Structure formats: C-alpha cells, structure tokens
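Chain A is the first sequence line, chain B the second, and so forth, proteins listed ahead of strands; every chain is numbered from 1. Here the structure is a predicted model, which is why all the values come from computation and not from measurement.
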Protein chains: 2
Amino acid sequence: MKKGVLEMCILAIISKEEVYTSDIIERMKEVELIVVEGTLYPMLSRLKSAGYLEYQWRESSAGPPRKYYKMTEKGNDFLRELEKSWSQLVGSVNDIVLKKSKS
Amino acid sequence: MKKGVLEMCILAIISKEEVYTSDIIERMKEVELIVVEGTLYPMLSRLKSAGYLEYQWRESSAGPPRKYYKMTEKGNDFLRELEKSWSQLVGSVNDIVLKKSKS
DNA sequence: TAAGGTACTTTGTAATGCAAGGTTCTATAT
DNA sequence: ATATAGAACCTTGCATTACAAAGTACCTTA
C-alpha cells in the first residue's frame, strides 16, 4: 500500500544537489528521519541499476573517495510519480483519520 | 523508517464504528486504498492479541456469523500514538520534498 | 441435501529496512 | 616504515509487512 516513501526522500534529496551517502543520512537527520547505511547502500545500487541515478567518484580531502550521486532524466520522472502517489496517500489517509464517527 | 500506516487506518476505521472485515475493506476502497483479506485477517489477529482490539460474534441475516471489532482503551491510546508519528512523518517528508534546491 | 456464496484462516512469497560485520583506502601517530 | 584509526563502501542474514492463493467452515436456498 505505501510503497517507496524512503525511496522518494532519497531521490528528492539527490535532485536538489549532488551528494554521497553520508550527506543523505545527514539531510534526513535534519528533519528527524533516521536512515542507516545498511538501508542506503543497497537502495542506491538498486536505483542506479534501474537507471534513476548515476554517480561519479570524487576525492575527499580527508579519507577515501566518495560516490556522488545525481539524478537521470528517468529518475526525475520517477520522482514525480512517487510524489504524486505520496500526496494521494496522504490525502486518503487523512480522509480515513479525520472522518467523523457515526454517533 | 516508518511502519504502521495501514494499521493506523484500520484502527481509525474501527474507532468510528464497530465493523467486520468486509466493512473495513469497503471503507478503505471509498478513499481509494486497496487492501485485501490476506492482509487484513492476520493484522486483525495481531492487533487483537496485542490488546488493541476486541471482537464479538454477530449473526448475519444471510451467511455465517461475523467478527465485529471494536477498540479497547489501550487501542485508542495506540491509535493516538500512530496518528502522532504519522503527522510527524508527513511533516518531515514534506520538508525534504519541498526544500529548495541549492542553485 | 447439494450448490453457492459469505466469512474466516493459513501458507508461501516478495519486498523493505535494519543490525552487524567485513573490506578498502587515506591520513596520522609512533 | 608501520601500525592505528577512521571514513567510505559493500554484503549477509533476519524480522516485518503485505499480498496471492488456496483452504475450511457455516448458512441459505433451490
């Protein structure tokens, strides 16, 4: 029923700026959403294989190189889809929750 | 990241009126949320074992008897919890999605 | 008393997200 | 030079969630 909320968040973050994994975790934490590496790495690989993302290696000033992700055209389309079904879900759930009881 | 949206919907429906499974499916369909028996029966059993629901057998005018569910006190508390974390989730996701890109 | 529909239940499976552990690479302290 | 620490990446195994599909029980009607 509720497919792809986390996926949508990740894609939304990447659509704003090129980021690597730790950036994503940080952006999520900024709005009190906790997500961990073990979730993120497989998901990013999946999204990349699906053609929604592409990445580029970049060196870091302190530490090993990082994979910086950015959206593809297809990824942007997919993000718009996800956003649409997300707002539909929110609407439906609000209908259920806010409906007056039969009294 | 976030669990229990469907659970919250089910509990919200039951909190409005005493219903049996087919009623729930119908209420959900009214707001374009599709849920099926195979999802619902195990979930209702779980919620009942957890002490959030109780049920009562009632005869039907045409067919076998039905399990009518209603909330317990504990169930109402739990529902309020779920609603709170649901609106937090909606808020957080909106923050992510609506945030301006760095440009 | 057989047939069909309604209601409840169980089983197997796919997808999701997490914990935990592992590998590689770089910088720094010894 | 070498060991240590830490950053970044990746993998494995597990619990949970939701669904499809098949199965069981009951009730009404022909």
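The side chain of K67(A) has dC9(D) as its nearest neighbour among dC9(D), dG17(C), dT9(C). Of the candidates dA18(D), dA20(D), dC18(C), the closest approach to any side-chain atom of T39(B) belongs to dA18(D).
Separating the CG atom of L44(B) from the P atom of dA7(C) is a distance of 14 Å, rounded to the nearest angstrom. Distance CE (M43(A)) to C1' (dC18(C)): 11 Å, rounded to an integer number of Å. The distance between atom CG of L89(A) and atom C1' of dA18(D), rounded to the nearest whole Å, is 14 Å. To the nearest angstrom, P of dT9(C) lies 14 Å from OH of Y20(B).
Comparing S60(A) and E7(A) by the nucleotide of DNA chain C whose heavy atom lies nearest to each, the residue mapping closer to the 5' end is E7(A). Positionally, the nearest nucleotide of DNA chain C for R66(B) lies more toward the 5' end than for the other of R66(B) and P65(A). Position along DNA chain D of the nearest nucleotide to E37(A) versus P64(B) favours E37(A) as the more 5'-ward residue.
The environment of K99(A) atom NZ is dense: over 12 non-hydrogen atoms of other residues, nucleotides or ligands sit within 6.0 angstrom.
Between E83(A) and R80(A) no salt bridge is recorded (no basic side-chain N to carboxylate O distance below 4.0 Å). By the 4.0 Å N-to-carboxylate-O rule, K29(B) lies too far from E26(B) to be salt-bridged with it. The pair D77(B)-K74(B) fails the salt-bridge criterion, with no side-chain N (NZ, NE, NH1 or NH2) lying under 4.0 Å from an Asp/Glu carboxylate O.
Using a 4.0 Å heavy-atom distance criterion, R58(A) is classed as making no nucleic acid contact. Contact annotation for T21(A): backbone-only contact, meaning every heavy-atom pair under 4.0 Å involves sugar-phosphate atoms and none involves a base.
Taking only side-chain nitrogens and oxygens, S22(B) comes nearer than 4.0 Å to OP1 or OP2 of dA7(C). In this model, the phosphate group of dT17(D) is approached by a side-chain N or O of R46(B) to a distance below 4.0 Å at OP1 or OP2. Proximity of Y41(B) to the phosphate of dT9(C): no side-chain N or O atom is located under 4.0 Å from OP1 or OP2.
Evaluation of atom-type donor-acceptor distances gives no pair under 3.5 Å for the side chain of E59(B) against the base of dC27(D).
Exactly one residue among L53(B), N76(B), D23(B), L79(B) makes a side-chain contact (heavy atoms from CB on, under 4.5 Å) with I14(B). That residue is L53(B).
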